[in-house]
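Side chains included, hydrogens not; waters and symmetry mates left out as well; all remaining heavy atoms used. This chain uses plain numbering: 1 for the first residue, then up along the sequence.
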Amino acid sequence: MLIRGAVAVAVGVAAGLLTADWRIGATLGIGTLVAFVVHASRRYSEVPRWRRPNAAQRRTEAQLRLMKRLGYRVLHARGIPGGNGQIDHFVVGRRGAFAIDSESWDKRLPLRNKLEKLYHGKFSKNERIDEALEEARTAQKLISERLGREIDIRASLAIYGPSMPWDSHNLRGVDVITGTKVRKWLRSGKSQNLSEKEIEEIYRAAEEVLPARY
């Protein structure tokens with residue numbers, strides 16, 4: 001941050017000297033510093049460096065960071081006990097609990113739904129949908145057992161890259177979402193009207209039964 005601040009000052013001084021107007025220099029210097037801060041915030045991740053998320057996961061994480069201001073609780077990179085599966089983002093808020101996996105696919109190939117099956121170009125993605133659903137169901141079972149009552153967890157895939165004819169569409173029990181619309185999807189979905197106490201209980205249970213991936 002000190003280096004970025006020094007660069008911003010240098011830009012401001014240079015601009016001020018070239019234009020002979022300190023106000024222009026100050027404006028450019030501040031603008032440079034703001035650009036550095038915005039860039040850094042977009043790259044910041046709550047996931048420790050030894051399990052660094054991919055680009056798609058970082059983009060979803062940035063959207064979820066804003067949702068936390070609305071009372072949502074979020075866990076990233078949580079493992080499924082007894083297997084190699086991972087829930088990229090576990091989210092719980094007043095509208096319910098969600099298991100979101102983030103994927104980056106080739107934008108040159110269209111994404112389409114054919115007879116309730118998902119295809120990326122000519123390639124079937126049904127196996128990936130089944131994996132996401134199984135992860136969510138396992139998490140649902142474990143958290144329900146920990147709390148001693150049934151809860152519902154919605155499985156979803158946030159897809160970045162290919163164009164889609166929908167913002168979100170449910171296929172075989174999994175919500176397939178345009179990656180850039182995750183925040184909109186969370187805010188517009190069917191509400192379960194969870195209380196703050198219920199949100200906290202589900203979050204703590206998920207934290208306990210879904211281990212952090214290393």
> For the CZ atom of R137 and the CG atom of L133, what is their distance to the nearest 0.5 Å?
4.0 Å
> Would you please name every residue forming a side chain to side chain contact (heavy atoms under 4.5 Å, CB included) with A139, sequence neighbours left out?
I87, I153, L210
> N126: what forms a side chain to side chain donor-acceptor pair (under 3.5 Å) with it, not counting sequence neighbours?
S124, R172
> How close do R154 and D152 get, counting heavy atoms only, and between which atoms?
CG-OD2, 3.9 Å
> E116: which residues meet the side chain to side chain contact (heavy atoms under 4.5 Å, CB included) condition with it, sequence neighbours left out?
N113, H169, L171
> Would you please test L64 and L186 for side-chain contact (heavy atoms from CB on, under 4.5 Å) and show each step?
CA-CA 9 Å; L64 296 178; L186 283 171; 3.5 Å; yes
> Backbone N or O of R59 within a donor-acceptor pair of the S102 side chain at under 3.5 Å?
no
> Return the set of residues passing side chain to side chain donor-acceptor pair (under 3.5 Å) with S156 (not counting sequence neighbours), or none when no residue passes.
none
> Would you mind reporting whether R146 and I143 have side-chain heavy atoms less than 4.5 Å apart?
no
> With sequence neighbours excluded, what pairs up with Y160 under the side chain to side chain donor-acceptor pair (under 3.5 Å) test?
T60, Q63
> To check you understand the geometry: which heavy-atom pair defines the closest contact between L194 and G96, and what is its length?
CD1-CA, 3.7 Å
> If you compare all heavy atoms of N170 against all heavy atoms of G173, which two are closest, and at what distance to 0.1 Å?
OD1-N, 3.3 Å
> Rounded to the nearest 0.5 Å, what separation is found between the CD atom of E103 and the CG atom of N54?
8.0 Å
> Using the rule that two of Ile, Leu, Val, Met, Phe, Trp, Tyr join whenever any of their side-chain heavy atoms come within less than 4.5 Å, decide whether I80 and V174 are in one cluster.
no
> Tell me, with the steps shown, if W166 and V176 meet side-chain contact (heavy atoms from CB on, under 4.5 Å).
CA-CA 9 Å; W166 59 76; V176 180; 4.1 Å; yes
> Linking I/L/V/M/F/W/Y whenever any side-chain heavy atoms sit under 4.5 Å apart, do I177 and F98 land together?
yes
> Run the side-chain contact (heavy atoms from CB on, under 4.5 Å) check on K122 and L109 step by step: do they pass?
CA-CA 8 Å; K122 65 179 181 179; L109 301 179; over 6 Å; no
> Roughly how far, to the nearest 0.5 Å, is CD1 of I100 from CD of E135?
12.5 Å
> If the condition is salt bridge (Lys or Arg N to Asp or Glu O under 4.0 Å), which residues does D167 pass it with, not counting sequence neighbours?
K184
> Quick test of your reading: applying ring pair (Phe, Tyr, Trp, His ring centres under 6.0 Å), list the pairs with at least one residue in residues 115-149, sequence neighbours left out, ordered by first then second residue.
W105-H120
> Is L75 reachable from I202 through a run of I, L, V, M, F, W or Y residues, each pair having side-chain heavy atoms under 4.5 Å apart?
yes
> Mind checking the CD1-CG spacing from I151 to L142? Nearest 0.5 Å is all I need.
10.0 Å
> With sequence neighbours left out, write down each residue that passes salt bridge (Lys or Arg N to Asp or Glu O under 4.0 Å) with E145, or none if nothing qualifies.
K141
> Name all pairs fulfilling the salt bridge (Lys or Arg N to Asp or Glu O under 4.0 Å) condition that reach into residues 194-207, sequence neighbours left out, sorted by first residue then second.
R73-E200, R149-E201, E200-R204, R204-E207
> First locate atom OG of S163, then atom CZ of R112, and finally report the distance between them rounded to the nearest 0.5 Å.
12.0 Å
> Please report the shortest heavy-atom distance between R94 and I199, naming the atom on each side.
N-CD1, 3.4 Å
> Distance-only, no hydrogens or angles: does the W185 side chain make a donor-acceptor pair with backbone N or O of A158 under 3.5 Å?
no
> S104: what forms a side chain to side chain contact (heavy atoms under 4.5 Å, CB included) with it, not counting sequence neighbours?
A56
> Can you list the residues that meet the side chain to side chain contact (heavy atoms under 4.5 Å, CB included) rule with Q86, with sequence neighbours excluded?
Q57, A77, D88, R213
> Roughly how far apart are R183 CZ and Y72 OH, rounded to 0.5 Å?
11.5 Å
> Dump the intermediate steps for side-chain contact (heavy atoms from CB on, under 4.5 Å) on M164 and I159, then the final yes or no.
CA-CA 9 Å; M164 291 190 278; I159 309 299; 4.0 Å; yes
